[in-house]
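Predicted, not measured: the structure shown is a model, and the values here were computed from it.
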Amino acid sequence: MLKEQQILRIPGPTPIPPSVQRAMSQQMIGHRDQDTKELIEQIKPKLKPIFGTEEEVMIIAGSGTAALETAVVNTVKPGDEVLVIITGSFGDRFAKICEAYEITTHRLEIEWGDAADPDEVKNFLENHSSIKAVFATYCETSTGVLNPVDALAETVHNHSEALFIVDGVSCLGAVEAKMDAWGIDLLVTGSQKAMMLPPGLAFIAASKRAWKVINQNQQPRFYLDMKKYRDNLDNDSTPFTPPISLLFGLEEALKQIHEEGLPEVFSRHQLMMHMVRAGFLEHHIPLLTTDKAASPTVTAMQPEDFKADDLRAILKKEFGLSIAGGQNHLKGKIFRIGHMGYCSPADILQTISLIEIGLSKIGEKIELGKGVQAAQKLYMNYSLSEVQ
Ligand SMILES: *Cc1c(COP(=O)(O)O)cnc(C)c1O
């Protein structure tokens with residue numbers, strides 16, 4: 001088999017378009033030179049529609065977790081009370097960051113695989129009047145759930161004075177986000193999921209309400225101080241040396257996204273979600289989430305009669321295909337397919353087809369091609385309805 005061939009179908013990092021790869025290989029420029037200013041000037045307006053905001057989107061060098069930590073240190077301080085809605089391991093990470101900073105952290109634990117219920121949040125807030133911020137995950141990557149952040153925002157604002165802070169790392173750029181219209185106060189993402197870039201950039205935007213809190217927050221911070229990033233961004237610059245190669249890539253990736261058109265990008269992801277779900281349902285392999293809770297960017301399967309990790313191992317060995325396993329108590333119990341960013345229905349057909357071979361090789365009695373056919377039919381119906 002080809003040693004170099006890799007098929008990356010995990011929920012991040014994700015494949016990079018060739019044009020983005022080429023953009024990143026440009027020669028280095030000075031971070032205080034006019035060239036970098038122009039690059040940032042080009043990038044700024046193209047990020048806003050992805051967040052659904054008129055506010056500036058700040059760019060920080062760091063992984064997605066840097067964005068989560070930025071959200072925490074800028075808005076709350078030790079002793080403040082917060083609520084973290086936990087639908088999986090990334091909600092848990094938000095809570096752990098708050099706990100590390102000695103924030104009084106209430107955990108609203110939701111069963112993994114389920115979406116957060118605004119009524120539960122309402123009940124909690126009615127009994128806790130001093131909550132300063134509510135943290136939630138838009139797409140919970142560990143389970144493939146897309147939480148209803150629009151409804152959650154409404155609930156938080158109707159029942160408290162708290163800021164509503166959302167981790168959009170594994171879906172921004174692939175699903176709609178209307179930060180301003182929905183009332184999200186801080187929205188963050190990273191580069192290596194739906195944004196079609198390598199890891200290394202964190203993005204964060206804040207509402208006017210949030211800025212008031214950020215400006216007054218007494219929590220010490222330096223590298224992650226949002227005020228520094230905002231003041232520099234006003235002059236099309238960053239407070240510290242940015243990863244310039246990633247900025248070259250970002251500019252090109254944003255160009256690609258807007259050339260396809262955001263509505264088209266969102267519907268491509270919807271279609272891929274439906275194709276994956278149809279493919280596995282056809283083989284009676286249970287899906288972890290309901291259709292309603294499912295994310296367009298990542299899908300988790302919870303097989304009953306084989307070991308998820310046996311399947312993953314054979315796929316990696318035979319085809320260089322990487323799919324993800326489970327985290328925490330779902331370790332070994334589920335497998336997850338990332339379908340976001342530089343990924344198309346053609347990739348989904350390949351993935352399902354290879355997984356069917358993998359299933360056969362680990363001894364599952366399945367009919368080859370059945371899942372592929374279900375996904376093909378979905379694709380055909382979709383493209384026919386598009387033509388009308
Ligand atoms: C990937 C991811 C992160 C950030 O992880 P890093 O490894 O720090 O980039 C945060 N939240 C969610 C929901 C994610 O999927």
Side-chain angles (χ1 to χ4, degrees), residues 3-6 8 10-51 53 55-71 73-74 168-170 172-174 187-206 221-260 265 322 338 340-343:
K3 280 266 179 278
E4 205 180 286
Q5 188 169 52
Q6 272 199 55
L8 198 56
I10 59 174
T14 61
I16 312 299
S19 62
V20 172
Q21 198 80 58
R22 282 194 300 274
M24 290 188 303
S25 67
Q26 290 173 75
Q27 70 177 343
M28 203 38 56
I29 54 176
H31 70 299
R32 298 298 177 215
D33 288 354
Q34 189 59 24
D35 297 345
T36 300
K37 270 193 189 305
E38 280 166 18
L39 186 59
I40 293 173
E41 194 187 345
Q42 295 280 323
I43 288 168
K44 275 164 53 170
K46 297 198 193 105
L47 276 173
K48 292 179 182 189
I50 290 173
F51 282 65
T53 186
E55 305 298 331
E56 291 297 344
V57 180
M58 278 144 290
I59 305 170
I60 301 173
S63 83
T65 305
L68 305 190
E69 186 156 341
T70 301
V73 296
N74 282 274
V169 175
S170 61
L172 249 64
L187 183 57
V188 311
T189 194
S191 51
Q192 80 273 29
K193 309 279 171 87
M195 301 285 286
M196 310 197 292
L197 287 162
L201 291 178
F203 304 93
I204 185 161
R221 65 242 196 223
F222 188 83
Y223 185 75
L224 300 180
D225 187 352
M226 285 174 68
K227 290 180 291 184
K228 288 193 179 76
Y229 288 86
R230 179 199 52 201
D231 293 347
N232 278 271
L233 200 57
D234 288 344
N235 298 311
D236 300 322
S237 74
T238 53
F240 314 110
T241 314
I244 292 167
S245 304
L246 287 174
L247 294 185
F248 284 136
L250 173 62
E251 210 241 316
E252 179 60 30
L254 289 168
K255 203 171 122 211
Q256 297 294 322
I257 289 174
H258 292 299
E259 269 174 18
E260 183 178 353
V265 170
S322 293
M340 66 182 105
Y342 188 59
C343 182

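- Atom CG of residue L254 and atom CG of residue L47 lie 5.0 Å apart, to the nearest 0.5 angstrom.
- Contact annotation: the side chain of E56 never approaches that of R230 to less than 4.5 Å [non-hydrogen atoms, C-beta and beyond].
- Counting all heavy atoms, side chain and backbone alike, Q192 lies closest to P198 at CB-C, 3.8 Å.
- Closest non-hydrogen pair, P11 versus K193, comes out as O-CD, 3.1 Å.
- Here I204 contributes atom CD1 and L224 contributes atom CG; the two are 9.0 Å apart, rounded to the nearest 0.5 Å.
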(Q) Between K44 and V57, is the side chain to side chain contact (heavy atoms under 4.5 Å, CB included) condition met? List the steps. (A) CA-CA 7 Å; K44 275 164 53 170; V57 180; over 6 Å; no
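- Counting only heavy atoms from C-beta outward, the side chains of E251 and K46 approach each other to under 4.5 Å.
- Contact record, A206 with M226: CB-CE, 3.8 Å, taken as the closest heavy-atom pair.
- The line from CD1 of I244 to CD of Q27 is 11.5 Å long, rounded to the nearest 0.5 Å.
- The shortest distance between side-chain heavy atoms of E55 and L187 does not fall below 4.5 Å.
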Q.
Run Y342 and T14 through side chain to side chain contact (heavy atoms under 4.5 Å, CB included) and show every step you take.
A. CA-CA 7 Å; Y342 188 59; T14 61; 6.0 Å; no
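- Residues M196 and I257 form a side-chain contact, since some pair of their non-hydrogen atoms from C-beta on lies under 4.5 Å apart.
- Across all non-hydrogen atoms, the minimal contact from S63 to A202 is O-CB, 3.7 Å.
- Heavy-atom contacts from other residues, nucleotides or ligands closer than 6.0 Å to CD of Q6 number 12 or fewer.
- Side-chain contact between I59 and I43 is present, with at least one heavy-atom pair separated by less than 4.5 Å.
- The side-chain contact (heavy atoms from CB on, under 4.5 Å) test with V265 is passed by exactly one of M340, E259, E260: E260.
- I50 approaches L172 most closely through the heavy-atom pair O-CG, 4.0 Å.
- Taking CD of Q34 as the reference point, atom CG of D236 lies at 8.5 Å (rounded to 0.5 Å).
- Contact check for T36 versus S237: no side-chain heavy atoms found under the 4.5 Å cut-off.
- In plain terms, the two heavy atoms of L197 and G249 that are nearest each other are CD2-C, 3.4 Å.
- Because its NZ or CZ atom is not both nearer than 6.0 Å to the ring centre of Y223 and within 45° of the ring axis, K228 does not count as a cation-pi partner of that residue.
- In this model, a donor atom of one side chain and an acceptor atom of the other lie less than 3.5 Å apart for Q256 and E252.
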Q.
Quick one, T70 with M58, criterion side chain to side chain contact (heavy atoms under 4.5 Å, CB included). Give me CA distance, side-chain angles, the key distance, then yes/no.
A. CA-CA 11 Å; T70 301; M58 278 144 290; over 6 Å; no
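- Side-chain contact between I60 and L201: absent, with no pair of heavy atoms (C-beta onward) separated by less than 4.5 Å.
- With contacts defined as side-chain heavy-atom distances shorter than 4.5 Å, the pair H258/P49 qualifies.
- Distance alone, capped at 3.5 Å, places no donor-acceptor pair between the T189 side chain and the F203 backbone.
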Q: Begin with the C-alpha distance, continue with both residues' side-chain angles, and end with the deciding distance and a verdict on side chain to side chain contact (heavy atoms under 4.5 Å, CB included) for D225 and N74.
A: CA-CA 7 Å; D225 187 352; N74 282 274; 3.7 Å; yes
